[in-house]
K.L.:
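Let me begin by handing over the structure; questions about it come next.
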There are 2 protein chains.
Amino acid sequence: MQDKITAVLKAIADPTRREIFHVLLIASTALPITQIANQFDISRQGITKHLKTLEEAGLVVIDTKGRERFCNANATPLKEVNQWLQGYEQFWNNSLSNLGDYLDKNS
Amino acid sequence: MQDKITAVLKAIADPTRREIFHVLLIASTALPITQIANQFDISRQGITKHLKTLEEAGLVVIDTKGRERFCNANATPLKEVNQWLQGYEQFWNNSLSNLGDYLDKNS
DNA sequence: TAATAATGCAACTATATGGTTGCAAATATA
DNA sequence: TATATTTGCAACCATATAGTTGCATTATTA
């Protein structure tokens, strides 16, 4: 397998999956798969595959009720990405001068 | 092609590329390709391919001097990822799984 | 009970990805 | 000049990815 952050990054590295995630996050209610698929140009099975990737990353939670599977977005795994990013925050403004700070703290 | 943020996310979605990026960022000087490759178990050509992906995402800048190509990390493109993430920050403190965290800590 | 709707599963295709090896070209050094 | 070093290019391989279609199954509803 792959580690957690890799799973999350791979999930959001695809534009369609970012869109699906966004649709689910701003939806006021959980959406069944067919209803999600209707909002995209690709087939229901295509959407299902993307949902599986998102689910494995923890970004989507699926709740089966009868014949329907209701999907909800869960933003929590993004925390991990945020943490990884923050480790580099000091570099993206003034990389050279902050490299010194980093070395001071980590050597 | 793909848009900028997709390129950056795909670049950092691979653990080896995250490692390369990290090595270059904390290196006190720009490193030629062979020297980077020596720090990894995969072949020089494998590293070269990863460097190309990182370069296309703007995360690595390469400066040719004579027969050598010196590589430097550039964290700036991570800003874009950070911005995308911040759009969801409000959700990861206020989601169902955090209700779970709350209940865990207070019952 | 019969028809309809939502879904999963499986097979298939095309292309991307992560990796390798061999060789040629350019540059540096003895 | 002869040799060694750094690199790029090309071919190749195995697997993953993004997508499709067809069909069977399970629920719902008329």
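Residue numbers start from 1 in every chain, and the chains themselves are labelled A, B, ... in the order their sequence lines are given, proteins ahead of strands.
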K.L.:
How many angstroms lie between atom CG of A/Leu78 and atom CD of B/Glu89, to the nearest 0.5 angstrom?
P.N.:
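The distance works out to 10.5 Å.
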
K.L.:
Base, sugar-phosphate, or nothing for B/Thr48, non-hydrogen atoms under 4.0 angstrom?
P.N.:
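The answer is sugar-phosphate, as B/Thr48 gets under 4.0 Å only of primed atoms, P, OP1 or OP2.
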
K.L.:
Just how far is it from atom OG1 of A/Thr76 to atom CG of B/Asn93, taken to the nearest 0.5 Å?
P.N.:
9.0 Å

K.L.:
If you measure from NZ on B/Lys4 to CD on B/Glu80, what distance do you get to the nearest 0.5 Å?
P.N.:
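Here the rounded value is 6.0 Å.
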
K.L.:
Tell me which residues in residues 5-21 of chain B lie within less than 4.0 Å of DNA chain C, going by non-hydrogen atoms.
P.N.:
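Hits under 4.0 Å, by residue number: B/Asp14, B/Arg17.
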
K.L.:
Which distance, rounded to the nearest 0.5 Å, do you find between the CG of B/Asp14 and the CG of B/Leu9?
P.N.:
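So the gap between those two atoms works out to 13.0 Å.
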
K.L.:
Go through residues 23-39 of chain A and report each residue with a non-hydrogen atom lying under 4.0 Å from DNA chain D, sorted by number.
P.N.:
none

K.L.:
Kindly give the heavy-atom pair with the smallest separation between B/Ala75 and A/Phe91, and that separation in Å.
P.N.:
CB-CB, 3.6 Å

K.L.:
Output the rounded distance in Å from CD (B/Gln2) to P (C/dT15).
P.N.:
17 Å

K.L.:
What is the distance from CD of B/Glu56 to P of C/dA16, rounded to the nearest Å?
P.N.:
13 Å

K.L.:
Treat primed atoms plus P, OP1 and OP2 as sugar-phosphate and everything else as base, then score nucleotides 20-30 of chain C 5' to 3': B for base contact with protein heavy atoms under 4.0 Å, S for sugar-phosphate contact only, - for none.
P.N.:
BB-----BS--

K.L.:
Scan for salt bridge (charged side-chain N to carboxylate O under 4.0 Å, His left out) pairs involving residues 57-67 of chain B, sequence neighbours excluded, and state none if there are none.
P.N.:
B/Asp63-B/Lys65

K.L.:
Does A/His50 make a side-chain N or O approach to OP1 or OP2 of D/dT17 shorter than 4.0 Å?
P.N.:
no

K.L.:
Report, one line per pair, each donor and acceptor closer than 3.5 Å where one atom sits in a side chain of residues 39-62 of chain A; sequence neighbours left out.
P.N.:
| residue | atom | partner | partner atom | Å |
| --- | --- | --- | --- | --- |
| A/Ser43 | OG | A/Gly46 | N | 3.1 |
| A/Thr48 | OG1 | A/Arg44 | O | 3.0 |
| A/His50 | ND1 | A/Arg17 | NH1 | 3.1 |
| A/Thr53 | OG1 | A/Lys49 | O | 3.3 |

K.L.:
Enumerate donor-acceptor pairs with a distance under 3.5 Å from any side-chain N or O in residues 18-25 of chain A to protein atoms, sequence neighbours excluded.
P.N.:
| residue | atom | partner | partner atom | Å |
| --- | --- | --- | --- | --- |
| A/Arg18 | NH1 | A/Ile12 | O | 2.7 |
| A/Arg18 | NH2 | B/Thr6 | OG1 | 2.8 |

K.L.:
In whole angstrom, what separates A/Leu54's CG from D/dT17's P?
P.N.:
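The answer, rounded to whole Å, is 13 Å.
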
K.L.:
When rounded to the nearest 0.5 angstrom, what distance separates CG in B/Leu31 from CD in B/Glu68?
P.N.:
10.5 Å

K.L.:
When rounded to the nearest 0.5 angstrom, what distance separates CD1 in A/Ile33 from CZ in A/Phe70?
P.N.:
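A/Ile33 CD1 to A/Phe70 CZ: 10.5 Å, rounded to 0.5 Å.
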
K.L.:
Sequence neighbours excluded, which residues qualify as side chain to side chain donor-acceptor pair (under 3.5 Å) partners of A/Gln86?
P.N.:
A/Asn82, B/Asn82

